[in-house]
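Note that the numbering runs from 1 along the sequence shown for the chain. All ligand and atom numbering here is 1-based and tracks the order in the structure.
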Amino acid sequence: MSTAYRAKDLGLLGCHVCGMVSRSPGREEGLRCPQCHSALHSRIPNSLARTWALLLTAMILYIPANLLPMMETTYLGETTTDTIISGVLLFIEEGDWLVAGIIFGASIMIPILKMASLLYLLVSVHKRCVVRRRHRALLYRVTELIGRWSMVDVFVVGLLTALVHMGLISNIYPGMGILAFAGVVVLTMLAALSFDSRLIWDFTSD
Ligand SMILES: [Zn+2]
């Protein structure tokens with residue numbers, strides 16, 4: 001079996017922001033990236049605690065995000081409220097499968113997959129798991145990349161509100177659910193950013 005060296009073992013430091021690799025002078029306090037001047041750490045300090053806090057808050061917020069209305073629609077004086085799920089069902093009823101699919105993917109599937117994979121990564125680091133490291137590193141990169149697409153839903157509600165502002169006949173207002181949902185998206189993005197994926201490589205099998 002080939003030995004995998006970590007950058008830390010070789011005295012190298014990678015920048016989280018621009019990816020530049022520089023030589024570690026030994027001490028890390030106040031160290032800055034020579035290219036983009038962001039702080040350099042061989043491991044993000046308190047990465048696990050911060051990721052746990054952000055992830056758990058996002059999970060709790062995901063409940064009101066689904067239960068509270070995303071949108072309030074007034075049509076001919078009659079007000080209806082829609083949550084994420086009722087919105088998806090409404091679009092399916094109308095035969096609008098594409099929109100239903102986009103909302104389902106962005107608001108239900110991506111946040112759940114993202115929270116689940118962060119949870120899995122956190123638990124695997126806590127358990128000092130040494131198997132499937134390459135897969136977990138890949139999972140982290142995918143998680144970080146797709147998370148921002150959930151914001152599509154927030155934009156859809158924003159756009160609808162702006163477009164259907166005719167007043168008399170129909171009107172659309174964003175509900176409290178969208179606020180909770182935007183919170184979930186932002187918190188999971190921050191959780192992914194505070195998770196230091198290099199921790200995956202920190203434990204040896206012996
Ligand atoms: Zn940099």
Flag, side chain of S86 to backbone of D82, donor-acceptor distance under 3.5 Å:
no
Do any N or O atoms from the side chain of R50 and from the backbone of I44 form a donor-acceptor pair under 3.5 angstrom?
no
Determine the sole option in L12, L31, L13 for which the side-chain contact (heavy atoms from CB on, under 4.5 Å) test with S42 is passed.
L13
If you draw a sphere of radius 2.8 Å around the Zn ion (ligand 1), how many protein N/O/S atoms end up strictly inside it?
4
Where the side chain of T83 meets the backbone of L68, is there a donor-acceptor pair that is under 3.5 Å apart?
no
Side-chain donor/acceptor of Y140 to backbone N/O of A192, under 3.5 Å:
yes
Does anything in residues 6-21 form a salt bridge (Lys or Arg N to Asp or Glu O under 4.0 Å)? List the pairs, not counting sequence neighbours.
R6-D9, R6-D202
